[in-house]
Structures are given as C-alpha cells and as structure tokens.
Amino acid sequence: MAGVLPSNVSYFMQRMQGVSVSHFKVHPQTDGNQTSGKIVRFELPSNTLLNLRGTRLFFNAVTSGAGASMPNDVSSFIERCSVYMGGVLVQNGFQGYNVLKHAKSALVGSKCGSTLGHPEIVRSVSYHNNATFGNTDPETYTTDGTEAFCIDNWEGILGSLQPSIIDTGLMPQITLEITLADDTICPISEGRLLPDGTGATTNHFDKTGSNNPTYTLSQMTLQCEVLGMATSVLDQIVEQRIASVGYLSMPFKNYYSFVSTHADTSRFNVNSASWDRLWLAYRPTTYSTKSAPVIVRGYKKAGAFVDDVAGQTAADVDIGRPQYDIGGSGLLNTNTERYISNYFKFKEIEKSASVPAYFQLQVNSANIPAYRMTTPEAYAMSMNSVDTYDKNHKMTLDQYRNDFFVQCYRFCLPDSDFNRLASGLDTRSVSAMGSLTTENIAACNLMMIAETTAELRLGSGRAIEIIA
C-alpha cells in the first residue's frame with residue numbers, strides 16, 4: 001500500500017530498534033578568553049555516528065568600552081569558519097562568514113534563536129537576563145556559564161552536508177577552525193537613552209561614543225550529538241557502495257568571497273563544478289569604523305511622551321514614536337525599537353536621488369538576466385532565487401534600500417538543495433569571469449559571495465577527495 005498511495009493517505013510506519021542518543025562536550029585546543037582575530041579549533045568526535053545539524057557552539061560574552069553593545073545575531077562574532085579533515089581543507093574558510101549570515105537574514109529572515117541567541121541589540125534592559133545597564137555601561141554577562149549564548153545554525157558543511165548524520169570512522173579527524181571577527185562589529189554609543197534620530201543629542205543611543213568597543217568570549221565549548229544503532233545495516237550498505245562505485249558521494253555548500261570597492265564595475269571569477277548562487281551585499285565604505293547602533297527605518301525613535309505624573313511635565317516619559325506613522329504599522333510591527341550594527345548595514349547609495357539605479361550581471365559576457373534591472377526588479381529576482389524564506393519576515397522597500405540592500409542571483413534549478421542535485425554552472429574547464437555593472441550607484445564596499453555545491457568523496461582507508 002505504501003508504494004502505491006501517497007504518504008498522506010497511506011497507513012504504514014517504520015521501526016528501528018536499538019537506537020541510542022548521547023551528547024558530548026568538546027573543549028577547544030586553546031582554552032581561555034578569546035578576543036578579536038583569535039583562531040579557535042575544535043576536534044569533532046571520531047569513530048561514531050555524528051549528527052552535524054546538532055552541533056552547537058556555546059560561549060559567554062562581554063564587551064568593554066563605555067556604551068559598547070554586542071551586535072545582533074551571535075554568528076556576527078565569526079569572521080571565518082573552516083573545516084579540515086586530516087589536515088586537508090574541505091570547507092573553504094572564506095572572509096565574511098558573518099556578512100553572509102546577515103545577508104541571508106536580510107532576505108529570508110534571521111535564524112538566530114531568541115532564547116540563547118542575541119537577535120536584537122540591547123539598549124538599556126537586556127533581553128537575555130533582564131539586567132539594566134547604566135547610561136554608559138558596556139553590555140556584559142556573567143562568565144559562569146549560566147548566561148551563555150549559543151550558535152546552533154551553520155553555513156557550510158555543518159549546516160548542509162547530506163546526509164547530515166555521518167560515520168566519522170570513514171574519514172580522517174575532523175577539525176573545526178573558527179576565526180573571530182574584528183572588534184568593530186560591536187556598536188558603541190555615548191549613552192543608552194532613546195535615540196532622537198539625529199545623533200546630535202548627548203547620551204543618546206544613536207550617538208557614537210568616544211571609546212573603542214572590544215569584546216571577549218570565554219568558556220567556549222562545542223556540544224555534539226552522537227548516535228548509535230544496534231544494527232549493522234548501515235555498515236553493510238557503506239561497504240557495498242564503496243565496493244561497487246569506489247566512493248561515497250556527500251554534497252555540501254561551499255562559499256568563496258570577493259571584496260571590492262565598487263565604482264560602477266566589479267569583477268571576479270569562480271571555478272566550481274556547480275556554481276549555484278551569487279550573493280551581493282552593498283555597504284558604505286565606512287562600514288568598519290566605530291559607530292553607534294543604527295536605527296532601522298520605520299522603527300521607534302524619540303518623540304512620543306506619556307504623563308507619568310498627572311500635571312507634571314518634568315515627569316513625562318518619552319516612549320518613542322515610529323518613523324512611518326505615529327502608532328506604527330501592525331503588519332510591519334514598527335511600534336517597537338530595532339537597531340542593527342553599522343558593520344552589517346546594507347545600503348543602496350545612489351549618486352542622484354532623481355535618477356534610478358540599474359544593475360547588470362555578466363558571466364563570461366552573457367547577461368544574467370538579459371536586461372538591466374531596477375532596484376524593485378532586483379529584489380523580486382533575489383526573492384525568486386532563494387528556495388525558502390520566513391513568511392513572517394516583513395520588510396518595506398524603504399527598509400530594503402536603506403538597511404538590508406542585498407541581492408541574490410540563482411544559477412541552478414529551483415529546490416536543488418532539497419534533492420541533492422548539483423545543477424549550477426560548471427566552470428571547471430573555463431573559469432567563469434563575472435562582472436557586475438551598476439548605474440547611479442556611488443562608491444561603496446561590495447562583498448560578493450559565490451555559493452557552490454561541492455562534493456566530498458569518501459573512499460576506503462579513510463581516503464577523501466573534494467570536487468569543488
């Protein structure tokens with residue numbers, strides 16, 4: 001019956017007995033406090049069934065410098081993330097891992113958890129432990145592990161290798177290498193009072209502080225889910241597959257980044273067996289300078305008061321008003337505060353406000369698409385280029401242009417990621433020469449990230465081969 005009828009009208013089930021589940025805590029090779037630019041390495045459990053999707057990175061975090069705050073999304077602390085197998089680089093440690101995370105969040109919604117993550121920048125009261133920070137206090141938490149943060153969603157091998165449960169006895173020792181980001185990912189403000197929107201008032205959250213922000217991560221540990229099965233069926237299947245084909249094929253996502261000070265044209269090249277997508281993140285050239293938190297367009301700033309004590313204006317409390325309409329939009333939920341780090345502010349910077357901006361991508365002299373795109377057309381194309389997105393993620397065109405200006409070009413079939421299908425551009429014989437041309441876009445920092453489907457081949461004797 002199960003083979004004839006679809007699953008939603010079939011009466012069947014499967015059973016597997018003798019399954020065991022356990023969790024291990026892995027400490028880094030170098031213990032102690034970790035600061036910007038440091039490299040942290042973890043060795044994943046060997047000779048076991050490892051669930052890569054169940055890998056979680058725990059750490060405690062503190063900032064220093066008067067008015068310093070942690071950035072939104074704890075993945076912001078990671079600049080590079082590399083995976084080695086037996087000393088061989090398998091996952092490319094590309095520059096801008098945190099930029100890719102924010103670029104994807106801009107279009108499809110953030111995957112940063114609200115309980116053990118840091119989805120929003122804290123102004124005066126922490127969402128993590130309800131602590132109240134003074135007007136010039138840095139954002140700090142206890143270092144005893146009771147207020148830890150967690151990264152539980154990953155790009156690259158940990159988040160995309162298929163199958164996600166692997167027998168690490170078939171491959172050499174797996175090492176995860178994390179390079180921490182620069183201190184300037186942390187915003188720093190002169191105070192924590194409600195912003196007035198101009199940055200000119202003393203002690204307000206949108207005015208840049210005079211100190212330099214720094215951060216420190218401590219008690220970093222990696223928690224891994226390890227499985228066990230009382231049957232040898234998996235081992236037999238693996239042996240038969242290697243005997244008949246010679247290897248096991250395991251696809252995963254790999255990334256390559258290119259940074260350009262964009263002025264009308266930026267060029268890059270990609271050499272891959274399956275080039276799936278190109279992510280473009282536009283930032284002001286001053287993105288890496290220290291800055292106060294940036295107010296997202298439409299959300300609250302100073303300007304609306306409630307009478308705390310009747311008849312006494314000195315006791316009035318400024319609760320802020322949304323920038324779009326007083327009272328805010330219910331669908332867009334703008335009757336709240338929302339800030340982003342200047343480091344991850346993606347913005348369309350036009351040379352002239354009266355002239356439309358146009359975008360044209362060329363790959364080996366072929367136009368993709370076949371016409372110049374305006375900003376709305378580029379956004380629609382970008383949303384058509386992603387396979388999934390959070391339907392609760394709301395964004396206006398104004399917010400897209402000023403705070404979340406990211407574009408995505410897809411070169412593979414839709415839903416290829418779900419079918420383990422490598423259908424992107426094969427540029428191994430002739431490296432793909434890419435060129436992005438824009439009109440009416442002022443000089444800006446452009447991060448170009450090529451998303452590819454790579455193939456990890458496992459052979460007998462723990463032999464590995466990478467098809468990039």
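Predicted model, so just to flag it, every value in this text is computed and none were measured.
When the ring pair (Phe, Tyr, Trp, His ring centres under 6.0 Å) test is applied to Phe258, the partners found at least two apart in sequence or on another chain are Phe268. Qualifying side chain to side chain contact (heavy atoms under 4.5 Å, CB included) partners for Phe24, counting only residues two or more places apart in sequence or in other chains: Ser22, Val226. Contacts of Asp426 classified as side-chain hydrogen bond (donor to acceptor under 3.5 Å, both in side chains), with partners at least two apart in sequence or in another chain: Arg428. For Leu421, the side chain to side chain contact (heavy atoms under 4.5 Å, CB included) partners at least two apart in sequence or on another chain are Leu413, Ser416, Asn419, Ser423. Every residue meeting the ring pair (Phe, Tyr, Trp, His ring centres under 6.0 Å) condition with Tyr215, not counting sequence neighbours, appears here in chain and number order: Phe77. Legend: residues meeting side chain to side chain contact (heavy atoms under 4.5 Å, CB included) with Ala468, ordered by chain and number and at least two apart, are Tyr256. A search for ring pair (Phe, Tyr, Trp, His ring centres under 6.0 Å) contacts involving His128 returns Tyr141, Phe149, not counting sequence neighbours. Taking the side chain to side chain contact (heavy atoms under 4.5 Å, CB included) definition, one finds that Met13 meets it with Arg15, sequence neighbours left out. Not a single ring pair (Phe, Tyr, Trp, His ring centres under 6.0 Å) links Phe252 to another residue, sequence neighbours left out. The salt bridge (Lys or Arg N to Asp or Glu O under 4.0 Å) test applied to Glu451 returns Lys104, Lys253, Arg277, not counting sequence neighbours.
Residue-environment remark: NZ (Lys347) exceeds the threshold of 12 foreign heavy atoms within 6.0 Å. The environment of Arg241 atom CZ is sparse: at most 12 non-hydrogen atoms of other residues, nucleotides or ligands sit within 6.0 angstrom.
The shortest side-chain heavy-atom distance between Ile242 and Leu248 falls under the 4.5 Å cut-off. Val296 is not listed as a side-chain neighbour of Tyr339, based on a closest heavy-atom distance of 4.5 Å or more. Within the 4.5 Å cutoff, no side-chain heavy atoms of Val90 are placed close to those of Tyr84. Taking 4.5 Å as the limit, some side-chain heavy atom of His23 sits within range of a side-chain heavy atom of Arg56. Leu50 is listed as a side-chain neighbour of Leu52, based on a closest heavy-atom distance under 4.5 Å. Between Arg457 and Ile467 the shortest side-chain heavy-atom distance falls below 4.5 Å. Within the 4.5 Å cutoff, no side-chain heavy atoms of Glu465 are placed close to those of Tyr247. For the pair Asn384/Arg410, a side-chain contact is recorded, criterion being any heavy-atom separation below 4.5 Å from C-beta on.
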Can you list the steps and then say if Asn254 with Gln91 is a side-chain contact (heavy atoms from CB on, under 4.5 Å)?
CA-CA 6 Å; Asn254 221 346; Gln91 175 181 311; 4.0 Å; yes
_Let's go through His118 and Asp73 carefully: what are the C-alpha distance in whole Å and the side-chain angles of both, what is the deciding distance for side-chain contact (heavy atoms from CB on, under 4.5 Å) to 0.1 Å, and is it a yes or a no?_
CA-CA 5 Å; His118 193 269; Asp73 195 334; over 6 Å; no
Using the side-chain contact (heavy atoms from CB on, under 4.5 Å) rule, take Phe42 and Thr175 through it: C-alpha gap first, then chi angles, then the decisive distance, then the call. CA-CA 6 Å; Phe42 298 89; Thr175 301; over 6 Å; no
Fill in: Candidate pair Phe58 and Ile151, rule side-chain contact (heavy atoms from CB on, under 4.5 Å), full reasoning
CA-CA 7 Å; Phe58 281 85; Ile151 299 175; over 6 Å; no
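Between Ile368 and Gln360, the shortest heavy-atom contact is N-NE2, 3.8 Å. Among all heavy-atom pairs drawn from Ser260 and Met448, the shortest one is CB-CE, 3.9 Å. Residues Gln407 and Tyr400 approach most closely at CG-OH, 3.8 Å, considering heavy atoms. Closest non-hydrogen pair, Pro28 versus Val40, comes out as CB-CG1, 3.6 Å.
Formation of a donor-acceptor pair under 3.5 Å by the Glu439 side chain with backbone atoms of Ala357 is not found in this model. Under a 3.5 Å cut-off, the side chain of Asn364 and the backbone N or O of Met433 do form a donor-acceptor pair. The main-chain N or O of Asn47 is found under 3.5 Å from a side-chain atom of Thr168 such that the two form a donor-acceptor pair. Panel note: side chain Gln173, backbone Leu44; a donor-acceptor pair is recorded below 3.5 Å. Of the possible polar contacts, none joining the Asn445 side chain to the Arg283 backbone as a donor-acceptor pair under 3.5 Å is found. Without hydrogens or angle criteria, Asn51 side chain to Arg53 main chain gives a donor-acceptor distance under 3.5 Å. For the pair Ser266 (side chain) and Ala263 (backbone), a donor-acceptor distance under 3.5 Å is absent. The backbone N or O of Thr142 lies less than 3.5 Å from a partner atom in the side chain of Glu147, making a donor-acceptor pair. For Ser435 (side chain) and Arg267 (main-chain N/O), no donor-acceptor pair under 3.5 Å exists by modelled atom type. No side-chain donor-acceptor contact under 3.5 Å links Ser291 to the backbone of Asn342.
Between Phe94 and Tyr97, the ring planes lie tilted relative to each other; the angle falls in the 30° to 60° range.
For the atom pair Leu436 CG and Leu278 CG, the distance stands at 8.0 Å (nearest 0.5 Å). Here OG of Ser36 is found 8.5 Å from CD1 of Ile185. Values are rounded to the nearest 0.5 Å. Rounded to the nearest 0.5 Å, atoms CG (Leu170) and CD1 (Ile464) are 12.0 Å apart. Rounding to the nearest 0.5 Å places CD1 of Ile449 at 9.5 Å from CH2 of Trp279. Rounded to the nearest 0.5 angstrom, Asp144 CG and Gln219 CD are separated by 7.0 Å.
The list of salt bridge (Lys or Arg N to Asp or Glu O under 4.0 Å) pairs with a residue in residues 173-184, not counting sequence neighbours, reads Arg41-Glu177.
Arg401 forms no cation-pi arrangement with Phe405, by the criterion of a distance under 6.0 Å to the ring centre and an angle within 45° of the ring axis.
Note on Asp403 versus Arg338: no salt bridge recorded, every NZ/NE/NH1/NH2 to OD/OE distance being 4.0 Å or above.
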For residues 375-382, dump all side-chain donor-acceptor pairs below 3.5 Å to protein atoms at least two apart in sequence or in another chain.
from	atom 1	to	atom 2	distance (Å)
Thr375	OG1	Glu348	OE2	2.5
Glu377	OE1	Thr374	N	2.9
Glu377	OE1	Thr374	OG1	3.4
Ser382	OG	Ala378	O	2.7
Ser382	OG	Cys408	N	2.9

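In summary, the side chains of Glu139 and Thr63 do not present any donor paired with an acceptor at a separation below 3.5 Å, with no hydrogens or angles considered. Side-chain contact of Asp276 with Thr453: a donor-acceptor pair under 3.5 Å is present, judged by distance alone. At a cut-off of 3.5 Å, with distance as the only test, a side-chain donor of Asn153 or Lys101 sits close to an acceptor on the other residue.
Residues Tyr343 and Tyr287 place their aromatic rings such that the two centres sit under 6.0 Å apart.
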